[in-house]
Engineer: 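Sharing a structure with you now.
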Protein chains: 2
Amino acid sequence: MTLQHLILGLLNYGPMSGYDLNKTFQASVQHFWDTDQSLIYRALYKMTDTGWVEYVQQVQEHLPNKKLYRLTEAGYAELHRWLAVPQPTLSFHEVWLGQLFFGAQLSNAELRTLLEARIASLRETLNVYENQVPENVSAFAEAFNAAEDMRYWLLTLDYGIFRLRGDLQWAERALRQLDE
Amino acid sequence: MTLQHLILGLLNYGPMSGYDLNKTFQASVQHFWDTDQSLIYRALYKMTDTGWVEYVQQVQEHLPNKKLYRLTEAGYAELHRWLAVPQPTLSFHEVWLGQLFFGAQLSNAELRTLLEARIASLRETLNVYENQVPENVSAFAEAFNAAEDMRYWLLTLDYGIFRLRGDLQWAERALRQLDE
DNA sequence: TGCATATATATGCTAGTGCATATATGAGAT
DNA sequence: ATCTCATATATGCACTAGCATATATATGCA
């Protein structure tokens, strides 16, 4: 259900179309929750059906019409209910750990390749988080006129960076241990 | 597809029934990949269909009959193909980060509750990883007569503990920052 | 006798995910 | 004149997940 709740959270800043929401996802929560355009539209149907959101057709000149979605009372209530309830911590479900678990089946060279690929990928993501995402977040804060909320957005970003650095550290240590 | 590949990896230690696999999951990879009994049975059908595994009916006295599954040549090949291919690092998809992102909507007390619940849950899991899981892993290594492979099992466990400690550290820091 | 538990497999139903593709308008570039 | 890109919404299909429930035998316990 989380996608729907993230949409509730974003619509709380103001009415948006599915297209806008997709853009907003990329500019804001994408660093911890990636999604797909089709999932957003389908979530919006479901939420309209449930009564959490409603829309008005917006006729546009020179552009296709759009559906402007906004929170209903019920949607606002659901957002606040969800926000305050501690969520169960889920299982890791990381594919690379599965590979490592059966690492005895692999040669040293193959294991190196796996770890090095992971390190490269983590570095790349870390670079995006440290350079690209802060810009997105600032632009997002300005567009939504929500300077105070930015503190929390940066907090989630801080977690992402902290976690990536930890994962990098661990992977580099594991790589060194492989040589012993 | 990962569940199927984890099953391939476990069947590589020897033939097992769906029931055995379920038990084995709980004793081995459960700390990074939880699953359900029904998913294992359905995965086995699919894999039989694909030709990765095959089974023989095992008639038992005093107990229900079982299907003993084992790897086919194709299954063994698929396991090794999969093991050596670096997997893309996925997005975090952590629900609690979504809550934190919209933290400006919450009171200080509600935020405290969220972080404290997370800390308690992380501590609990850490306790299991540090005390319970090593026993499971040892028992598993003995049962499967795979003392060498245990090194890698402990490596994945080490990651889990490392990560939980990091997450705890971060959550505790965030809680302190909340008081400022 | 009745109830819980372990062994063992299987199905039903609902929801969510991922990816590709369809459709349509208009703007700007080559 | 054509091609690409941005805006905007929607569907198809196959797979995956989660949870409940059905079925059957045998053992142990109260």
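Note that this is a predicted model, so its numbers are computed, not measured. Chain naming here is simple, since letters A, B, ... match the order of the sequence lines and numbering starts at 1 in each.
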Engineer: OP1 or OP2 of C:dT9 versus the side-chain N and O atoms of B:Ser17: is any pair under 4.0 Å?
Structural biologist: yes
Engineer: Using a 4.0 Å heavy-atom cut-off, does A:Gln60 contact any base of the nucleic acid, only the sugar-phosphate backbone, or nothing at all?
Structural biologist: sugar-phosphate
Engineer: Give the rounded distance in Å between these two atoms: CD of B:Gln4 and P of D:dT16.
Structural biologist: 6 Å
Engineer: Out of D:dG18, D:dT11, D:dT27, which nucleotide sits closest to the side chain of B:His62?
Structural biologist: D:dT27
Engineer: Measure the distance from CD on B:Gln58 to P on D:dT25 and round it to the nearest whole Å.
Structural biologist: 20 Å
Engineer: Is the distance from OP1 or OP2 of C:dA10 to the nearest side-chain N or O of B:Tyr45 less than 4.0 Å?
Structural biologist: yes
Engineer: Before we go on, tell me: are the rings of A:Trp153 and A:Tyr13 under 6.0 Å apart, centre to centre?
Structural biologist: yes
Engineer: To the nearest angstrom, how far is B:Asp36 atom CG from C:dA10 atom C1'?
Structural biologist: 12 Å
Engineer: For B:Asp34 and D:dG18, what is the distance between atoms CG and C1' respectively, to the nearest whole Å?
Structural biologist: 10 Å
Engineer: Can you tell me the distance, in whole Å, between the CD1 atom of B:Ile40 and the P atom of D:dA17?
Structural biologist: 12 Å
Engineer: Please tell me which of the listed nucleotides, D:dC19, D:dA17, D:dA8, lies nearest to the side chain of B:Ser38?
Structural biologist: D:dC19
Engineer: In terms of side-chain heavy atoms of B:Lys46, which of D:dC15, D:dC13, C:dA15 is nearest?
Structural biologist: D:dC15
Engineer: Could you tell me the separation between the CG atom of B:Leu39 and the P atom of C:dT11, rounded to a whole number of Å?
Structural biologist: 14 Å
Engineer: Taking a pair as Watson-Crick or G-U wobble with both distances under 3.5 Å, which nucleotide is matched to D:dA30?
Structural biologist: C:dT1
Engineer: CG of B:Leu21 versus C1' of C:dA10: gap in Å, rounded?
Structural biologist: 16 Å
Engineer: Is the phosphate of D:dA6 approached by A:Lys23 (side-chain N or O, under 4.0 Å from OP1 or OP2)?
Structural biologist: no
Engineer: Check every atom of D:dT16, C:dA8, D:dA6 against the side chain of B:Lys66 and return the nucleotide holding the closest atom.
Structural biologist: C:dA8
Engineer: Does the separation of the ring centres of A:Trp33 and B:Phe92 fall below 6.0 angstrom?
Structural biologist: no
Engineer: Which nucleotide wins on minimum distance to the side chain of B:Leu63, given the candidates D:dT9, D:dC19, C:dT7?
Structural biologist: C:dT7
Engineer: Any side-chain donor-acceptor pair under 3.5 Å between B:His5 and B:Glu78?
Structural biologist: yes
Engineer: Measure from CZ on A:Arg42 to C1' on D:dC15 and round the result to the nearest Å.
Structural biologist: 13 Å
Engineer: Parallel, tilted or perpendicular: which fits the ring planes of A:Tyr69 and A:Tyr55, with parallel below 30° and perpendicular above 60°?
Structural biologist: tilted
Engineer: Can you identify which nucleotide, out of C:dT9, C:dA15, D:dA8, has its nearest atom closest to the A:Tyr41 side chain?
Structural biologist: D:dA8
Engineer: Mapping B:Asn65 and B:His93 to their closest nucleotides on DNA chain C, which lands nearer the 5' end?
Structural biologist: B:Asn65
Engineer: Closest to the B:Gln37 side chain: D:dC19, C:dT9, C:dG26?
Structural biologist: C:dT9
Engineer: Under a 4.0 Å N-O cut-off, is there an ion pair linking B:Arg173 with A:Asp158?
Structural biologist: yes
Engineer: Quick check on the 6.0 Å ring-centre criterion: do A:Phe101 and B:Tyr152 meet it?
Structural biologist: no
Engineer: Could you work out which one of D:dA8, D:dT16, D:dT11 sits closest to the side chain of A:Asp20?
Structural biologist: D:dA8
